[in-house]
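As the structure is a computational prediction, the values presented were derived from the model and not from experiment.
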Amino acid sequence: MPSWLKNAVFYEIYPQSFQDTNGDGIGDFQGIINRLDYIKELGCNAIWMNPCFESPFMDAGYDVADYYKAAPRYGTNDDLKRLFEEVHQRGMHLILDLVPGHTSVESKWFKESMKAEKNEYTHRYIWSDNVWEGFEGVKNISGCIRGISSRNGCCATNFFSTQPALNYGFVNPQKSWQFSPESPEAMATRKAMKDVMEFWLQMGCDGFRVDMASSLVKGDEDGSANIALWQDIRAFLDEKYPEAAMVSEWGQPDQSLKGGFHMDFLLQFGPSGYTELFRTEHPYFSREGKGDVKAFADKYQEYYDATNQKGLICIPSGNHDTPRLGGLLDEEEIKNVFAFLLSMPGAPYIYYGDEIGMKYLPDLVSVEGGYDRTGSRSPMQWDNTVNAGFSAAPKEMLYIDLDPDENRPTVKKQMETEGSLWKEVQKLNALRQAHPALQSEAALKFVYAKENAYPFVYQRSCGEETILVIHNPSGQQASCEVKLDGWGEVIYANHGEAVYENGVLTVPAASATFVKIG
């Protein structure tokens with residue numbers, strides 16, 4: 001694993017909404033450069049930037065038209081290169097969002113593939129032989145495009161109908177237009193994506209977060225074909241770019257890490273139990289005290305054991321696809337969420353604005369394919385100047401509407417207020433950097449995680465250092481019987497300190513405590 005990834009704390013930037021410097025109402029690369037010192041001051045040392053390549057933006061840039069060109073709305077390739085350089089000058093790293101599974105219908109690759117005459121791109125996408133033949137029942141294919149060209153065929157799509165699926169082959173091909181993952185046709189697509197990765201790594205990119213990483217080879221029921229594909233890409237990177245980080249949107253760490261990814265995300269869908277912590281009717285991290293942490297702990301332990309306890313499972317505060325914490329939980333509850341996120345294994349990810357409690361904005365009209373996700377993509381709230389300091393453009397030109405609440409949280413207000421959420425996140429980031437036992441690879445042991453019960457207790461250890469982490473998000477004092485190896489210095493406490501006496505751990509309401517033991 002790249003050495004820099006071992007203590008990385010990521011800040012996710014949705015570039016459209018972060019900082020506009022040219023007055024067009026859309027964020028840009030220069031805006032990110034201008035705010036790098038802010039990100040570093042918060043305590044983050046790595047950045048994940050959502051897609052920034054040329055695109056018609058039918059799906060917020062996840063529909064790439066040209067993998068080799070920065071989107072003009074953000075700047076030029078030279079501007080992006082300068083962003084990499086500015087990041088590195090601050091001792092930080094930046095990974096790009098790679099979308100290898102599909103392109104936009106505006107891609108040159110796709111336009112060439114639509115032609116009836118055979119050419120280099122004929123098999124770059126998944127086309128059936130007949131316009132009437134679709135892809136019903138094929139895993140990882142969501143729909144099709146038909147009747148749009150002179151080519152007699154139907155093209156598979158991955159998500160929206162404007163996102164044709166690239167051809168990485170099929171497990172057990174059954175029809176003439178299905179190719180094996182090792183076929184020349186599928187390998188040509190794989191080579192094209194390696195070339196894209198190499199281009200940006202040579203430019204200064206530090207790696208990639210890979211969108212829908214498990215979906216490239218179609219009909220892959222057990223994940224083995226996609227694992228093999230990524231193992232091949234991992235070998236290519238290890239030979240030429242060993243410090244390049246690879247983080248997957250897969251949601252099954254036992255598969256993704258085997259495929260050569262360094263880290264995998266717990267996703268907001270599937271069996272991970274992650275959603276039950278913050279985004280459900282009764283979140284575990286609510287003072288209501290009706291949540292359940294056991295399903296999460298059990299699933300995490302299963303993944304942890306299946307990956308040889310590598311501790312490389314990432315838990316984000318949120319992302320561009322999920323409702324924000326703000327609005328679901330109040331500021332004090334979110335402090336305890338961050339005490340959890342920043343004390344677990346794997347690299348934490350802080351979605352821009354979550355550190356100040358920005359709220360999800362319901363009922364916004366969809367922007368660039370956001371639909372119900374649009375409310376989590378509103379402009380960053382920097383201060384109380386025009387457009388919250390995001391842009392000097394007229395209000396009607398803003399990419400997405402701002403939170404209209406006159407009391408909306410801002411970076412300026414939070415940074416100036418003692419005890420604010422921002423200050424708490426900064427404190428927790430500093431604590432994580434100061435203690436190896438709280439970092440990505442340190443060992444994890446769940447001590448107390450019972451069904452429908454509080455508190456939630458786990459142990460982190462690295463070398464001679466062991467830290468016990470104790471959470472009681474509920475509004476009532478909680479206690480449990482546990483056997484500990486000792487009790488020492490409390491290095492962090494929010495809303496009071498836990499106490500250990502006669503084998504009983506007593507934890508104040510709505511609190512978090514970190515204590516050195518041994």
Side-chain angles (χ1 to χ4, degrees), residues 272-301 315 317-318 323-344 354 357 359-360 409 417-421 423-425 427-428 431 438 444-460 467-517:
S272 72
Y274 162 60
T275 299
E276 281 66 33
L277 300 178
F278 326 128
R279 296 178 177 85
T280 188
E281 184 179 358
H282 301 293
Y284 188 78
F285 278 86
S286 165
R287 274 191 299 274
E288 178 190 40
K290 294 183 178 180
D292 184 10
V293 77
K294 189 175 187 298
F296 162 79
D298 287 350
K299 196 64 183 180
Y300 194 100
Q301 187 72 57
I315 308 178
S317 67
R324 285 190 178 274
L325 293 172
L328 299 172
L329 302 172
D330 66 31
E331 185 169 314
E332 294 305 311
E333 291 169 328
I334 296 172
K335 287 179 182 179
N336 286 329
V337 168
F338 275 106
F340 163 71
L341 293 173
L342 293 168
S343 62
M344 284 289 286
D354 280 357
K359 292 180 172 57
Y360 174 78
T417 303
E418 285 304 316
S420 69
L421 174 59
K423 294 273 190 180
E424 204 71 19
V425 174
K427 182 194 302 183
L428 286 160
L431 198 66
L438 294 175
L444 169 75
K445 177 185 176 183
F446 289 118
V447 176
Y448 190 87
K450 303 297 184 182
E451 186 174 1
N452 299 317
Y454 294 80
F456 174 36
V457 186
Y458 49 88
Q459 181 176 297
R460 303 293 313 282
I467 295 174
L468 191 72
V469 181
I470 307 154
H471 300 285
N472 176 23
S474 77
Q476 303 294 323
Q477 177 179 291
S479 62
C480 63
E481 293 186 9
V482 293
K483 185 177 180 179
L484 301 179
D485 296 328
W487 189 267
E489 176 191 1
V490 173
I491 61 172
Y492 173 81
N494 182 39
H495 294 157
E497 296 182 6
V499 176
Y500 184 60
E501 293 179 343
N502 302 318
V504 176
L505 191 61
T506 303
V507 193
S511 71
T513 304
F514 301 178
V515 58
K516 285 189 174 184
I517 64 173

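- Counting heavy atoms from C-beta outward, V482 and V457 have side chains that stay 4.5 Å or more apart.
- Y492 meets the ring-ring contact (aromatic ring centres under 6.0 Å, His included) test with F514; sequence neighbours excluded.
- The two residues A297 and F446 come nearest to each other via the heavy atoms O-CE1, 3.5 Å.
- Heavy-atom minimum distance, D354 versus L421: O-CD2, 3.5 Å.
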Which atom pairs, one a donor and one an acceptor, fall under 3.5 Å between side chains of residues 278-288 and the rest of the protein, sequence neighbours left out?
unit_1	atom_1	unit_2	atom_2	d
R279	NE	P323	O	2.6
R279	NH1	Y274	OH	3.3
R279	NH2	S317	O	2.6
R279	NH2	P323	O	3.2
H282	ND1	E288	OE1	2.9
H282	ND1	E288	OE2	3.0
Y284	OH	A453	O	3.0
S286	OG	E288	N	3.0
R287	NH2	D330	OD2	2.2

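- Classification of the H471-Y458 ring pair by plane angle, with boundaries at 30° and 60°, yields tilted.
- Contacts classified as side-chain hydrogen bond (donor to acceptor under 3.5 Å, both in side chains) and involving residues 493-506 (residues at least two apart or in different chains) are given here: E332-H495, N336-N494.
- Pairs passing the side-chain hydrogen bond (donor to acceptor under 3.5 Å, both in side chains) check and including a residue from residues 474-489, sequence neighbours excluded, read N472-S474.
- Remark: I517 CD1 to L484 CG distance equals 6.0 Å, nearest 0.5 Å.
- For the residue pair G496 and P508, the shortest heavy atom distance occurs at C-CG, 3.9 Å.
- Listed by first and then second residue, the side-chain hydrogen bond (donor to acceptor under 3.5 Å, both in side chains) pairs involving residues 289-299 are K294-D298, K299-E302 (not counting sequence neighbours).
- Judged purely by atom type and a 3.5 angstrom limit, K335 uses its side chain to pair as donor or acceptor with the backbone of G419.
- Side-chain contact check for I470 versus V515: some heavy-atom pair is nearer than 4.5 Å.
- Heavy atoms only, all atoms of each residue included: I467 and L438 are closest at CD1-CG, 3.8 Å.
- Atoms NZ and CG, from K359 and L328 in turn, are 10.5 Å apart once rounded to the nearest 0.5 Å.
- When every heavy atom of I334 is checked against every heavy atom of L329, the shortest pair comes out as CD1-O, 3.6 Å.
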Legend entry - Evaluation steps, side chain to side chain contact (heavy atoms under 4.5 Å, CB included), between Q459 and V469: CA-CA 6 Å; Q459 181 176 297; V469 181; over 6 Å; no
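- Here Y448 pairs with nothing under the ring-ring contact (aromatic ring centres under 6.0 Å, His included) rule; sequence neighbours left out.
- Considering OG1 of T513 and CG of L505, their distance stands at 8.0 Å, rounded to 0.5 Å.
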